[in-house]
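This report refers to the structure that appears directly beneath it.
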Amino acid sequence: GGLSPMSPASESRGLPAAAAADASPVSPAAMMGARSSAARRNSVQDEMIGIQLASLRQAVESTPKASEIERQHSRLQSDFKALSNELREGMRDIRDRTQRDLAESADELREQLQRISSGLVDRLSELEAAREAD
């Protein structure tokens with residue numbers, strides 16, 4: 001039982017001569033398979049990055065520009081002012097119509113009360129005349 005002999009090529013790797021004989025160089029076909037597998041992985045990664053970039057580009061392009069936002073803001077302010085004015089005018093019209101309706105109703109009630117009052121005065125005069133006649 002001595003030490004196993006080392007081959008000169010395997011001495012630098014620290015492998016015994018028998019192990020060095022088993023560790024033959026990688027075949028060209030195996031190297032091509034490894035390269036094509038790595039190339040496929042890179043291709044898939046490149047495709048994924050491309051998809052992500054396209055998605056990001058679409059998101060950036062669909063974002064409104066500052067000038068468009070400013071135009072929308074101005075239009076909304078204008079619409080708000082117009083709506084506010086329309087509401088104010090509508091409320092004024094409603095108030096005026098309500099006041100007119102109340103005034104007309106008050107006039108009608110006053111006329112009815114005057115007719116009732118006149119009718120009562122006439123009836124009282126008739127009752128007094130009938131009482132005096134008795």
Side-chain angles (χ1 to χ4, degrees):
L3 294 175
S4 60
M6 303 282 272
S7 70
S10 64
E11 284 178 356
S12 64
R13 285 187 253 149
L15 296 174
D22 289 342
S24 60
V26 177
S27 72
M31 287 180 73
M32 289 300 289
R35 283 185 192 148
S36 82
S37 174
R40 272 185 263 130
R41 260 185 276 130
N42 286 341
S43 174
V44 169
Q45 287 176 343
D46 289 347
E47 189 174 332
M48 292 297 294
I49 290 171
I51 291 169
Q52 290 173 341
L53 285 174
S55 175
L56 183 60
R57 182 177 298 115
Q58 182 181 6
V60 168
E61 289 173 355
S62 67
T63 303
K65 308 267 185 289
S67 60
E68 179 62 27
I69 292 172
E70 185 59 36
R71 273 194 301 274
Q72 288 177 351
H73 180 261
S74 294
R75 190 183 78 242
L76 287 173
Q77 277 185 324
S78 174
D79 290 349
F80 178 78
K81 284 180 182 179
L83 181 60
S84 178
N85 289 337
E86 286 177 28
L87 288 172
R88 196 173 297 118
E89 288 175 26
M91 292 300 292
R92 188 177 311 123
D93 290 346
I94 290 170
R95 186 188 66 229
D96 292 347
R97 189 174 359 180
T98 303
Q99 287 176 346
R100 236 183 357 259
D101 291 347
L102 285 173
E104 288 175 9
S105 295
D107 288 344
E108 289 175 10
L109 287 173
R110 190 175 309 110
E111 289 173 7
Q112 288 175 356
L113 286 174
Q114 284 176 347
R115 283 194 303 271
I116 292 170
S117 178
S118 291
L120 285 174
V121 168
D122 290 346
R123 183 69 178 144
L124 282 175
S125 294
E126 290 173 7
L127 287 174
E128 283 179 1
R131 188 173 151 234
E132 287 179 8
D134 274 341

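Small disclaimer: the values here were computed from a predicted structure and weren't measured.
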* Asked: Could you give the distance from CD1 (I116) to CG (L120), rounded to the nearest 0.5 Å?
  -> 7.5 Å

* Structure fact -> Contacts of D46 meeting side chain to side chain donor-acceptor pair (under 3.5 Å) (sequence neighbours excluded), chain-then-number -> none

* **Flag if over 12 foreign heavy atoms under 6.0 Å of CD, E68** => yes

* Structure fact -> So OG of S43 and CE of M48: to nearest 0.5 Å the spacing works out to 12.0 Å

* Looking only at atom types and distance, does a side-chain atom of S55 sit under 3.5 Å from a main-chain N or O of I51, one as donor and one as acceptor? -> no

* Asked: Out of curiosity, I69 CD1 to L76 CG, how far, rounded to the nearest 0.5 Å?
  -> 11.5 Å

* Are side-chain heavy atoms of R71 and R75 found at a separation under 4.5 Å? -> no

* **Residue pairs involving residues 121-132 (criterion side chain to side chain donor-acceptor pair (under 3.5 Å); sequence neighbours excluded)** => R123-E126

* **Approximate separation, where rounding is to 0.5 Å, of D96 CG and M91 CE** => 11.0 Å

* Asked: Is the backbone of S74 close enough, under 3.5 Å, to the side chain of S78 for a donor and an acceptor to pair up by distance?
  -> no

* Asked: Going by the side chain to side chain donor-acceptor pair (under 3.5 Å) test, which pairs reach into residues 97-108, not counting sequence neighbours?
  -> D107-R110

* To do: Enter the distance from R92:CZ to I94:CD1 here, rounded to the nearest 0.5 Å.
  => 12.0 Å

